[in-house]
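Written below as structure tokens is the structure these notes are about.
Note: hydrogens, waters and symmetry copies are ignored here, and every other heavy atom, side chains too, is used. The chain is numbered in sequence order, starting from 1.
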Amino acid sequence: MELAKQLVLDLSNPDVRENALRELSKKTELFEDLGPLLWNSFGTIAALLQEIVSIYPVLSTPNLTLEQSDRVCNALALLQCVASHPDTRVLFLNAQILEYVFPFIKATTESRPFNNLRLNSLGVVVALVKVDDTEVVRFLLSTDIITLCLGAMETGSIEYKTVATIIVQKVLSNDFGLDYICTTADRSFLVGRGLEKMVAALTDAAARDQPTSRLLKQIILCYLRLSDNLRACKALRSCLPDMLRDIALRMHSCLREDPATRRWLTQLLIKVQGPRVAFQAGGGYELMMVN
């Protein structure tokens, strides 16, 4: 822990900050209380925010370098430690630090430096929602996070889409979050539309042999949770994507290797369409509608 303390102190020194950022970001899982140490060390959070805002001028240009991106991603990794720790999570929220991160998620340039930046920025939000906390969900819903995630679900890599979908799923898994999304037709339509686009993305990714199992899992969990709301469940009877109804045939090997996801899909189809779903055992498992 002495090494962690020294590296945290180094963050306040611009001459050695880059090395401290790099070394600490590599060791976030080794230091259990790194979040509180970062938060309570004089000038440390200010130094991390200074790193973040330093590249704002290039966000509207294609000039962000990989070196600049990596340095800010290291700072974001440390903010994830603060956001995920139970002793600093609420303090992190109350300080409105997410507002400094959102501009990265909104960036639209498609290049590796920008993609890394967006992915690590979403990682800060994931760190907040790892634990089901209504206070966190309330705060996130008071921001533009759902709109940002829905936008992220339409662009970028499969990994980026997956992380954005995880955030939406975590919000929906909270009772307040589910009620908030389903209270108005506009909100539920936007989320449903975003998920529908993700189902289409699954098919495209599978055709290019990209890994899709994590994204498939999160999409199904989102739909399954939406089906817990009576009004949303009724809507799903007519708007659940046909590709998802037939997902076992399109993603046969993926479902065969993931019995939990296969079970969740079965539960979803039963809730939305009634108990007309059966397993066909033969060289694997296939979901099929029984007429």
Side-chain angles (χ1 to χ4, degrees), residues 122 125-126 128-155 158 160-203 205 212-248 250-251 254-255 258-277 287 289:
L122 285 180
V125 184
V126 171
L128 283 169
V129 298
K130 279 184 177 179
V131 178
D132 186 14
D133 187 328
T134 298
E135 186 173 357
V136 170
V137 172
R138 284 180 181 272
F139 176 87
L140 290 177
L141 290 174
S142 71
T143 71
D144 205 25
I145 189 60
I146 294 296
T147 301
L148 290 176
C149 285
L150 292 175
M153 289 161 65
E154 296 184 25
T155 60
I158 285 295
Y160 186 50
K161 295 175 189 291
T162 301
V163 175
T165 310
I166 287 173
I167 295 171
V168 174
Q169 187 270 320
K170 290 295 186 180
V171 170
L172 286 171
S173 67
N174 180 270
D175 288 342
F176 177 83
L178 178 65
D179 290 343
Y180 178 90
I181 295 298
C182 296
T183 294
T184 69
D186 287 345
R187 293 174 192 160
S188 56
F189 174 80
L190 286 175
V191 172
R193 181 61 176 161
L195 292 173
E196 184 179 351
K197 291 180 179 179
M198 286 301 92
V199 174
L202 280 174
T203 304
T212 57
S213 58
R214 288 185 67 213
L215 181 55
L216 171 63
K217 172 183 175 180
Q218 295 304 321
I219 292 171
I220 291 174
L221 285 174
C222 285
Y223 275 120
L224 185 58
R225 181 56 173 158
L226 282 172
S227 70
D228 288 339
N229 179 276
L230 182 60
R231 181 162 51 183
C233 188
K234 289 181 179 179
L236 288 176
R237 290 172 188 168
S238 59
C239 67
L240 189 70
D242 291 337
M243 286 183 289
L244 189 62
R245 299 174 195 269
D246 196 31
I247 201 72
R250 294 174 180 271
M251 298 280 185
C254 176
L255 287 171
D258 190 346
T261 302
R262 189 172 66 240
R263 183 174 64 253
W264 292 326
L265 179 56
T266 304
Q267 292 172 357
L268 171 64
L269 294 177
I270 289 175
K271 290 180 71 174
V272 172
Q273 300 179 169
R276 298 188 299 136
V277 181
L287 291 174
M289 298 309 300

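When side chains are defined from C-beta on, T134 does not count as touching D175, because their heavy atoms never get closer than 4.5 Å. The closest side-chain heavy-atom distance from K161 to M198 is below 4.5 Å. At least one side-chain heavy atom of T165 sits under 4.5 Å from a side-chain heavy atom of C222. A heavy-atom distance below 4.5 Å is not found between the side chains of V168 and Q218. Side-chain contact between L226 and L178 is present, with at least one heavy-atom pair separated by less than 4.5 Å. Using a 4.5 Å heavy-atom threshold, the side chains of V171 and I145 count as separate. Taking 4.5 Å as the limit, every side-chain heavy atom of N174 sits out of range of all side-chain heavy atoms of V136. The side-chain heavy atoms of K170 and V126, taken from C-beta on, include no pair separated by under 4.5 Å.
The CG atom of L148 lies 7.0 Å from the OG1 atom of T143; values are rounded to the nearest 0.5 Å. Remark: Y223 OH to D228 CG distance equals 15.0 Å, nearest 0.5 Å. Note: D179 CG to N229 CG = 7.0 Å, rounded to the nearest 0.5 Å. A distance of 8.0 Å separates CG of L150 from CG of L195, quoted to the nearest 0.5 Å. In this structure, CD1 on I146 lies 10.5 Å from CZ on R187, to the nearest 0.5 angstrom. From I219, atom CD1 reaches atom CH2 of W264 across 13.5 Å, with rounding to the nearest 0.5 Å.
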Exercise for the section: Please test E135 against R138 for salt bridge (Lys or Arg N to Asp or Glu O under 4.0 Å), starting from the C-alpha separation and ending with a verdict. Expected result: CA-CA 5 Å; E135 186 173 357; R138 284 180 181 272; over 6 Å; no
Practice task
Applying side-chain contact (heavy atoms from CB on, under 4.5 Å), run through T261 and S213 and close with a yes or a no.
Solution key: CA-CA 9 Å; T261 302; S213 58; over 6 Å; no
Problem - L141/F176 under side-chain contact (heavy atoms from CB on, under 4.5 Å): CA gap, chis, key distance, verdict - result: CA-CA 10 Å; L141 290 174; F176 177 83; 3.8 Å; yes
Practice task
Start with the C-alpha distance between K217 and R214, add both sets of side-chain angles, then the distance that settles side-chain contact (heavy atoms from CB on, under 4.5 Å), and finish with yes or no.
Solution key: CA-CA 5 Å; K217 172 183 175 180; R214 288 185 67 213; 5.7 Å; no
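Here the closest non-hydrogen pair linking S173 and D132 is O-OD2, 4.5 Å. L224 and Q267 make their closest contact through CD2-OE1, 3.7 Å (heavy atoms, listed as atom of the first residue, atom of the second, distance). Between L215 and I158, the closest heavy-atom pair is CD2-CD1, 4.1 Å. Of all the heavy atoms in A164 and M153, the pair that sits closest is CB-CG, 3.7 Å. The minimum heavy-atom distance linking L122 with A152 is given by the pair CD1-CB, 4.3 Å.
With hydrogens and angles ignored, the 3.5 Å screen pairs no side-chain donor or acceptor of R225 with any backbone N or O of Q169. Listed for the R231 side chain is a donor-acceptor partner under 3.5 Å among the backbone atoms of T183.
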